[in-house]
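Ligands are counted one by one from 1 in listed order, and the atoms in each one are counted from 1 as well.
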Amino acid sequence: MINLAELRKYSAELVDLHHTLALMQWDQEVRMPRRGAEERAGQFATLSALVHRREVSPELGALLVEAEAQKDGLAVEELALLRVMRRSYDQNTKLPEEFVAEFSRLTSQAQMAWLEAREQSNFAIFQPLLERLVVLSRQQAEYLGYAVHPYDALLDLYEEGLTTAKVAGMFAELQAPLVALVKRFAGRLTPLVFSEPFSQVGQEQFAEHLLKAMGFDFSRGCLARSPHPFTTTLGHHDRRITNRYAPRSLDFIFGALHEGGHALYEQGIDERLARSPLDDGVSLGIHESQSRFWENVVGRSRPFWQRFFPELQQAFPAQFACLGFEDFIRGINAVTPGLIRVDADELTYNLHVLIRFEIEKGLIEGSLEVAALPGAWREKYRQYLGVEVESDADGVLQDIHWSHGSFGYFPTYTIGNLAAAQIWEAYKRYDPGFARTLAEGDLAKVREWQGREIHSHGSIYLPEELLVRVTGSPLAAGPFLAYLEEKFSTLVG
Ligand code: ZN
């Protein structure tokens, strides 16, 4: 019988260090004065280097080898701890220190260049840095290793086990049906336009009200403001979210539901996993399934708003008193092919992701040159979405991901959308009276089911394994396409 106490202690200290880094990041995005930026960058560099050293230490390597030699008889959770720690140890040690330093230096320069390029809508400012980032990312794939395609190594960083072939298969199933659905429903639902601004206080109060109704636990989390909404974990009992507030947009509602979905996942992890690397959502794709579930599947549904629309009207009479319920539901689901991924509706969203997947695959395998990127972008937007890209700012420069050196991240958004629909089917089997459950505002019933089935397990099961346990089948496009077909044909009537 082996003793995992040493390994647990080591990993708990690493978790403490990562939560400390998360606190610094939270502070930087929510509260830090502008002139604190330079020193903060130095603090990040110092602490990250110390953490990295502990993550690749021979001591940790030896603890892992010792534990792996005597795996028989370990419980599922202990095996999962070994798997997760081995995975991050290998990822960290496969990359030479000079490479890590060079990558982090380059991404910090690239982010500044990307911001400037986007402001001026001038791709040429970003191009040389992106070229170097692509070279480094290819090198990263070589260091990490892959079976078939170099892009596999990068995909696996964000979604364990994901490959280029799997993503290609997923889009092969999605593309034609999605294009057909967009053709049928684009322009058939009238978007909402607000002439009266929403007060910021009112938006914050309503967002908080929705979060409470979902079951976000304010004694174990908080809501703040930031330019880009996000969710972060500072400890097992400290899961925080941010939201943004614009005067004439409903982002405050859907941002809160989205980040709330991420936070429910984190808050729902079993307490016995506290201070362990398993105290975390299992992958980006599964995480996104939880946020999209609340934002779209629940949050843009008719029964949900049967409960909350009267309250919305009461909170904002100038905007909603004269708006009919049906017009509201159609408005929040309007389908409009556009240029910007983050503003996309449920039908067009994954076509934006498909474009990024094809481009990233091309860049990493070398079939697409960075210099040809703006042209390739325009061509694909014309072809898949039927829109003309007028400027690089609204085109190839719109997302921050590449400036972070994140290639392989985008497909997890589509995985999240597909998984959300699949999980919704499983929920409906559990609760055939789901429409009434939502209309009565009994969101606890939904949350508790998700908690049992998904949240409580943290990272114990692999993403695919978890999905099969919850839904009975691996990730598939069918449930998502069926969900869209039923939803939009009902909406259009
Ligand atoms: Zn998200």
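Here the two rings, on Tyr430 and Phe434, have centers that are 6.0 Å apart or farther. Checked against the 6.0 Å centroid criterion, the rings of Phe357 and Phe410 do not qualify as a close aromatic pair.
Shown here is Lys183, whose NZ atom has no more than 12 heavy atoms of other residues, nucleotides or ligands within 6.0 Å.
The aromatic rings of Phe216 and Phe218 lie perpendicular to each other, with more than 60° between the two planes, well past the 30° mark.
Using a 4.5 Å heavy-atom threshold, the side chains of Gln203 and Ser199 count as separate.
The distance cut-off of 2.8 Å around the Zn ion (ligand 1) captures these protein N, O or S atoms, sorted by chain and number: His258 NE2, His262 NE2, Glu288 OE1.
Every pair passing salt bridge (Lys or Arg N to Asp or Glu O under 4.0 Å) that includes a residue from residues 151-172 is listed here, sequence neighbours excluded: Arg83-Glu160, Arg87-Asp156, Arg87-Glu160, Lys166-Glu464.
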